[in-house]
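Here the structure comes first, spelled out in structure tokens, and everything after it is commentary.
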Amino acid sequence: MTTPKYTQAPKKSGGAYNYVDERVGLSGVVKGFARKIFPDHWSFLLGEIALYSFITLILTGIFLAMFFVPSMGTVTYPADALPVTEQGNEMSEAYASTLRISFEVKGGLLMRQMHHWAALLFMAAIVAHMFRVFFTGAFRKPRELNWLVGFTLLILGLLAGFTGYSLPDDVLSGNGLRIADGVAKSIPVLGTWVSYALFGGEFPGTEIIPRLFTLHILVVPGLILALVGLHLLMVVVHKHTQYPGPGRKQNNVVGFPVFPVYAAKAGGFFFIVFGLIALLGATLSINNVWSYGSYDPSPVSAGSQPDWYMLFLDGALRLMPGWEFVLFGFTFPMSILIPGVVVPGILFTTLAIYPFIEAYATGDKREHHILDRPRNVPVRTAIGAVLIVQFIILVITGSNDIIATHFELSINGITWVLRILFLIAPFITFWVTKRICLSLQRRDRELALHGHPTGKVIQTEDGAFHSVHRPLDNYELWTLVQHDAHRPIEAGAEVDPDGLPRKEYKSLKRRSAISRFFFEDRVEPVTKSELAAAQASRHQLGHGADRTGGSVAQLERTRKHQIRP
């Protein structure tokens, strides 16, 4: 009798998981991720809304791709098919398949509308999420590269939206493609060749719909998926940012672990977002292509606006006067080139490199995991406000024809008013926003030093009257005084101690000028000596000696990691 060399161990539960874990080491990854802490604040849900909207886009897009025909070949619409207005008309196969999805495929119209609403919500969430990151300074070291990833996702979202609503080949999408053709042709020297390469010949050609379809369902979603994965990976690696408060430091995160708390919340929130999109798709009609008809280059009517996230480009084109000039035999259509190429190029480039501009102005090399209050960085907040105001003006301009027809106003008068606003609004917005931020900082200083007014007045032995203030608790005090006190970088002397010119003086002078722009107007945070003096004054008056009030030691802890010149 021989003994088997190998004996079979009793079968354990979770055999499939153990099989995978023994070969790829999955348990370590899951264990590390499960222990990851995420802060609990409503503003962090903006990124989740974008993610869940994108998942909804993928699910509904797979359904639509099964029935859509990406072809510009001409067909005759059946005489017995809905809608009645299109019966017997010649149209492209792309437009005909869109109608069939809407009227013949079960659930097709709901999927189309959910897909469109999800796209609108996806872009809205991305924009709101980026502004949250911008205003709170979440792009600072070590997250500059993650900001570039998010910015690239924004551009890819715009591209996905443009390629998507251009696919039905109706009048609205055709007008959008015609504008894109005009922008391409406005590029000096190369414009005609760019247009030919894009459309496969003279507009509209026969290749643009298949090419857009490939981009829309394959290239752009693949890039978005890859960047979303990279974005989430970098969030895990860098750990999550958090808002200032007691116990929240640069080296910790106060919140809930992924499992089970955060995973349960995230799962429930996904179904809330999905349900909202389904409700919008079922009750609010959007992009009814049969109302416009198949694309025909002749009709262009009022009310032909793209989706909101592309409307600012349409508004820029409407805002620009019809300027052009001829040089060396080439026509330079500035009315298209400036709003369609130059302005978006400057805007998006500035947005992409802003973290590096601010880091250059501050000279700050530290890592930042505590978020800023927008009032404590007035110039950054003012720049963000300018971007929002300019975007709103361009969106309104993109609807100038609707405003003119509904309110019986002159479209030329509306355009001129918006042109003037577009030029002067940035300066007014910047100045007002910066003043408001500085005023709020001064109010914070008063609160930190004196506390909240109670409405009571006391009289001291010498006959003087003093108002009674309630001291701040530690949470309020921390929030008001924990921020950094950045000061302008000085260029120093033009010559060194030996009287020789400093080689780096010119670069330092430029850096100093940028730094002064950011930090010359500022309100200094409360110092330890100021808080001690304010506390002593309250004790001498016999009020405010509340144990819950902020202390000098508390302020000392908030100052521990700040920059000092």
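All values below come from the heavy atoms of this structure, side chains included, with hydrogens, waters and symmetry mates left out.
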* Asked: More than 12 foreign heavy atoms under 6.0 Å from CZ of F356: is that the case here?
  ->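 Enclosed: over 12 neighbouring heavy atoms sit under 6.0 Å from CZ of F356.
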* To do: Step through the shown structure and confirm whether more than 12 heavy atoms of other residues, nucleotides or ligands are within 6.0 Å of CZ on R435.
  =>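 Counting other residues, nucleotides and ligands, CZ of R435 exceeds 12 neighbours.
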* Cut-off 3.5 Å, side chains only: do N146 and H231 have a donor facing an acceptor? ->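 Result is yes, a qualifying pair exists.
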* Asked: Are S43 and Y243 linked by a side-chain donor-acceptor pair shorter than 3.5 Å?
  ->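 S43 vs Y243: donor-acceptor pair found between side chains.
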Is it the case that the side chain of [X] and the backbone of [Y] share a donor-acceptor pair, with hydrogens and angles ignored and the cut-off at 3.5 Å?
| X | Y | value |
| --- | --- | --- |
| Q242 | N252 | yes |
| S515 | I489 | yes |
| Q250 | H369 | yes |
| T60 | L57 | yes |
| S186 | V183 | yes |
| W147 | I353 | no |
| S166 | T163 | no |
| R511 | A361 | no |
| T429 | P426 | no |
| E494 | P501 | no |

Any side-chain heavy atom of [X] sitting closer than 4.5 Å to one from [Y]?
| X | Y | value |
| --- | --- | --- |
| V432 | I428 | yes |
| P257 | Y262 | no |
| H486 | F518 | no |
| L311 | S399 | yes |
| L225 | V228 | no |
| F422 | L394 | yes |
| I370 | K249 | no |
| M334 | V342 | no |

* Would E358 and D364 count as a side chain to side chain contact (heavy atoms under 4.5 Å, CB included) if you check the C-alpha gap in whole Å, the side-chain angles of each, and the deciding distance to 0.1 Å? -> CA-CA 9 Å; E358 186 170 305; D364 190 357; over 6 Å; no
Could you grab the distance from atom [atom1] of [X] to atom [atom2] of [Y], nearest 0.5 Å is fine?
| X | Y | atom1 | atom2 | value |
| --- | --- | --- | --- | --- |
| T152 | L227 | OG1 | CG | 6.0 Å |
| L508 | R502 | CG | CZ | 5.5 Å |
| M310 | Q305 | CE | CD | 13.5 Å |
| L387 | I392 | CG | CD1 | 11.0 Å |
| L279 | F274 | CG | CZ | 12.0 Å |
| F131 | T136 | CZ | OG1 | 12.5 Å |

* Parallel, tilted or perpendicular: which fits the ring planes of F134 and Y354, with parallel below 30° and perpendicular above 60°? ->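 Correct class here is tilted.
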* Can you say whether the rings of F391 and W308 are parallel (under 30°), tilted (30 to 60°) or perpendicular (over 60°)? ->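 It falls in the perpendicular class, over 60°.
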* Before giving the answer on salt bridge (charged side-chain N to carboxylate O under 4.0 Å, His left out), spell out for D521 and R516 the whole-Å C-alpha distance, their side-chain angles and the decisive distance to 0.1 Å. => CA-CA 8 Å; D521 293 335; R516 284 198 306 272; over 6 Å; no
Taking every non-hydrogen atom, the tightest pair across [X] and [Y]:
| X | Y | value |
| --- | --- | --- |
| L317 | G340 | CD2-N, 4.3 Å |
| E490 | S512 | CA-OG, 4.1 Å |
| V523 | L438 | CG2-O, 3.8 Å |
| Y505 | G492 | CE1-O, 3.4 Å |
| A382 | F430 | CB-CD1, 3.4 Å |
| D314 | P306 | OD2-CD, 3.5 Å |

* Asked: How far apart are the C-alpha atoms of R522 and E524, what are their side-chain angles, what is the distance that settles it, and do they pass the salt bridge (charged side-chain N to carboxylate O under 4.0 Å, His left out) test?
  -> CA-CA 6 Å; R522 66 187 184 279; E524 293 290 344; 2.8 Å; yes
* To do: Apply side chain to side chain contact (heavy atoms under 4.5 Å, CB included) to the pair E48 and F44, showing each step before the final yes or no.
  => CA-CA 7 Å; E48 292 187 37; F44 297 124; 5.7 Å; no
* Could you list the residues that satisfy side-chain hydrogen bond (donor to acceptor under 3.5 Å, both in side chains) with R140, not counting sequence neighbours? =>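 Counting only residues at least two positions away or on another chain, R140 forms a side-chain hydrogen bond (donor to acceptor under 3.5 Å, both in side chains) with H368, D372.
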* Under the salt bridge (Lys or Arg N to Asp or Glu O under 4.0 Å) rule, what pairs show up with a residue in residues 216-236, not counting sequence neighbours? ->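 Non-adjacent pairs meeting salt bridge (Lys or Arg N to Asp or Glu O under 4.0 Å): zero.
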* Hey, mind stepping through T397 and I393 against side chain to side chain contact (heavy atoms under 4.5 Å, CB included) and telling me if it holds? -> CA-CA 6 Å; T397 307; I393 291 174; 4.2 Å; yes
* Full working for side chain to side chain contact (heavy atoms under 4.5 Å, CB included) between L447 and E476 -> CA-CA 9 Å; L447 283 176; E476 290 178 291; over 6 Å; no
